[in-house]
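Below: one structure, written as structure tokens.
Below, each value reflects all heavy atoms present in this structure, side chains not excepted, and no hydrogens, waters or symmetry copies.
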Amino acid sequence: MNLDMNTDAQPINAQPEAQPQRTGRVRRLKTRVTHYFATRSVRYLAGFFAVLLGAVILLLPSPYVIEMPGPTQDVLGKVSEGEVIAISGDGVTIHKDSGKLLLVTVSASGVPGYTITNAQAVWGWANPQVEVTPREAVVPVGQTADEYQQEVDNDMSGSQQSASEVGLAYAKQHADELGIDAATLDNAKVEMHVDEIGGPSAGMMYTLGLIDKLTPAEESGGNVIAGTGTIDAKGKVGAIGGIRLKMLGAKRDGATWFLAPESNCDEVVGHVPEGLRDVKVATLDEAYQALVAIGKGQGDTLPHCEA
């Protein structure tokens, strides 16, 4: 070991009297604290400890889930893994659209693996763009973080698979009117990628995006169109959760149109942000025809949710 020989040295046993001084300071502090509380009224002390208890409670884990508008994703665009909707196959032609078709999401905290405090829940109750819900109303009691993540991943995977199958089937069925060579679609391979988004509610928008990319027409007409809803094998658009928050996210990210499941209309009425026009749809065909009408500037006649 190298030592700096120019420094002062002390014998090992020559320790300063730090311990007695430290003990004296502790005693004086204890005396002051005791005197402070002894001179305060019972009401004052009760208030002090109530505030202290309240602060502790606010920092404890909360049994609630807070949800707010999440990120959107243009299904005609790209993510880190490549095209959101990647289509390949011999003879399959892919077309571009200058507009955007946005899938919309809700960001949730308080679900398994994403614990929040009671303070965050209180903040959520005070924020009009946040919804606070008991956790048991959102996820099964006892569900682990791994189980929750597996569920949302499976929902998203199933949504993408359904969108691929239903979208190709619709394109084949309407090939002549869409300007598609139906025979080439037998060779089509579809892969869908999206970053850190889970759940089944993007099914309709994935399906519309797939059809849009297969057709020479520019369905969006350059508009930013958002939407949500599950899609089943028969092309029925199903209800989803968090639609009020999803409309806020759509408006935030530039959408002027929002395709909403008819079965969610009771949650849409009275909550459509200014500058966003909702269109109610119940089937894939209705959603696609609405998309085309919007692109042609004929969207004002489309049905919207009513009370």
Side-chain angles (χ1 to χ4, degrees), residues 69-89 92-105 156-157 159-172 174-175 177-180 184-185 188-231 235 237 240 246-247 249-260 276-277 279 281 284-297 299 302:
T72 63
Q73 174 63 57
D74 179 15
V75 297
L76 302 178
K78 296 181 178 180
V79 290
S80 59
E81 297 180 53
E83 299 282 341
V84 174
I85 302 175
I87 309 170
S88 59
V92 179
T93 303
I94 311 304
H95 303 273
K96 292 186 176 181
D97 190 320
S98 62
K100 293 182 178 180
L101 300 181
L102 301 182
L103 65 80
V104 288
T105 67
M156 174 56 77
S157 178
S159 174
Q160 293 173 339
Q161 182 65 33
S162 293
S164 298
E165 295 172 356
V166 175
L168 287 175
Y170 185 90
K172 289 179 181 178
H174 301 274
E177 58 190 276
L178 297 177
I180 302 173
T184 64
L185 297 181
K189 180 181 179 182
V190 180
E191 294 182 357
M192 297 185 179
H193 314 99
V194 68
D195 292 334
E196 299 180 357
I197 293 176
S201 65
M204 180 186 70
M205 295 308 290
Y206 277 132
T207 309
L208 291 176
L210 172 57
I211 297 169
D212 188 309
K213 298 188 77 167
L214 289 171
T215 57
E218 188 171 290
E219 283 92 340
S220 76
N223 291 286
V224 180
I225 303 167
T228 188
T230 62
I231 198 78
V237 176
I240 50 78
K246 291 177 178 180
M247 289 190 293
K251 178 64 170 60
R252 177 200 64 206
D253 290 354
T256 52
W257 295 89
F258 192 92
L259 306 180
L276 188 70
R277 165 69 151 85
V279 179
V281 296
L284 172 59
D285 188 60
E286 289 182 6
Y288 181 74
Q289 296 304 327
L291 173 59
V292 172
I294 293 169
K296 291 180 177 180
L302 294 170

Check your understanding: Is a side-chain donor or acceptor of K213 paired with a backbone partner of I85 at a separation under 3.5 angstrom?
Key -> yes

Table please: side-chain donor-acceptor pairs of residues 284-293 below 3.5 Å, with sequence neighbours left out.
from, atom 1, to, atom 2, distance (Å)
D285, OD1, Y170, OH, 2.5
E286, OE1, A282, N, 2.8
Y288, OH, E219, OE2, 2.7

Per-pair distances, 0.1 Å, donor-acceptor, side chain in residues 160-168, under 3.5 Å, sequence neighbours excluded:
from, atom 1, to, atom 2, distance (Å)
Q160, NE2, Y206, OH, 3.3
Q161, NE2, E165, OE2, 2.7
S162, OG, G158, O, 3.1
S164, OG, Q160, O, 3.0

Study note, to complete from the structure: Taken to the nearest 0.5 Å, the spacing of Q73 CD from T105 OG1 works out to 10.0 Å

Revision key, fill the gap. Residues passing the side-chain hydrogen bond (donor to acceptor under 3.5 Å, both in side chains) test with K251, sequence neighbours excluded, are none

Review point. If you take all heavy atoms of L76 and E83, which pair is closest and at what distance?
Key: O-OE1, 4.1 Å

Study note, to complete from the structure: Output for pair (S220 OG, L208 CG), nearest 0.5 Å, gives 11.5 Å

Review point. Do V75 and V194 come close enough that some side-chain heavy atom pair is under 4.5 Å?
Key: no

Practice item. May I ask you to test the L103-I197 pair for a side-chain heavy-atom distance under 4.5 Å? Key: yes

Check your understanding: If we only count heavy atoms from C-beta on, is the I225 to V279 side-chain gap below 4.5 Å?
Key -> no

Practice item. Report the residues that fulfil salt bridge (charged side-chain N to carboxylate O under 4.0 Å, His left out) with K246, sequence neighbours left out, ordered by chain and then residue number. Key: none

Review point. Who pairs with S159 by side-chain hydrogen bond (donor to acceptor under 3.5 Å, both in side chains), at least two apart in sequence or on another chain?
Key: none

Point to revise | Partners meeting side-chain hydrogen bond (donor to acceptor under 3.5 Å, both in side chains) with N223 (sequence neighbours left out) | key: none

Revision key, fill the gap. Nearest heavy-atom approach of H193 to E81 is CD2-OE1, 3.6 Å

**Study point:** For R277 against G299, the heavy-atom pair lying closest together
**Key:** NH2-O, 3.5 Å

**Study point:** T72 (side chain) donor-acceptor with A250 (main chain) under 3.5 angstrom
**Key:** no

Review point. Does M204 reach the side chain of V281, with side-chain heavy atoms less than 4.5 Å apart?
Key: yes

Review point. What pairs with A260 under side-chain contact (heavy atoms from CB on, under 4.5 Å), at least two apart in sequence or on another chain?
Key: I243, F258, V268

Check your understanding: Can you name the residues that form a side-chain contact (heavy atoms from CB on, under 4.5 Å) with K189, not counting sequence neighbours?
Key -> S88, E191

**Study point:** Min side-chain heavy-atom separation T215-I180 under 4.5 Å
**Key:** yes

Review point. With no hydrogens and no angle check, is any side-chain donor or acceptor of D74 less than 3.5 Å from a backbone partner on L101?
Key: yes

Check your understanding: Checking side-chain contact (heavy atoms from CB on, under 4.5 Å) for the pair V92/L214: CA distance, chi angles, key distance, verdict?
Key -> CA-CA 8 Å; V92 179; L214 289 171; 4.0 Å; yes

Review point. side-chain hydrogen bond (donor to acceptor under 3.5 Å, both in side chains) with H95: which residues, sequence neighbours excluded?
Key: none

Exercise for review: Take V237 and I231 through the side-chain contact (heavy atoms from CB on, under 4.5 Å) test and state the conclusion after the steps.
Suggested key: CA-CA 5 Å; V237 176; I231 198 78; 4.1 Å; yes

Revision key, fill the gap. Scanning both residues in full, the closest heavy-atom pair of M205 with T228 reads CG-N, 4.2 Å

Study note, to complete from the structure: In terms of heavy-atom contacts, G179 and P216 come closest through O-CD, 3.8 Å

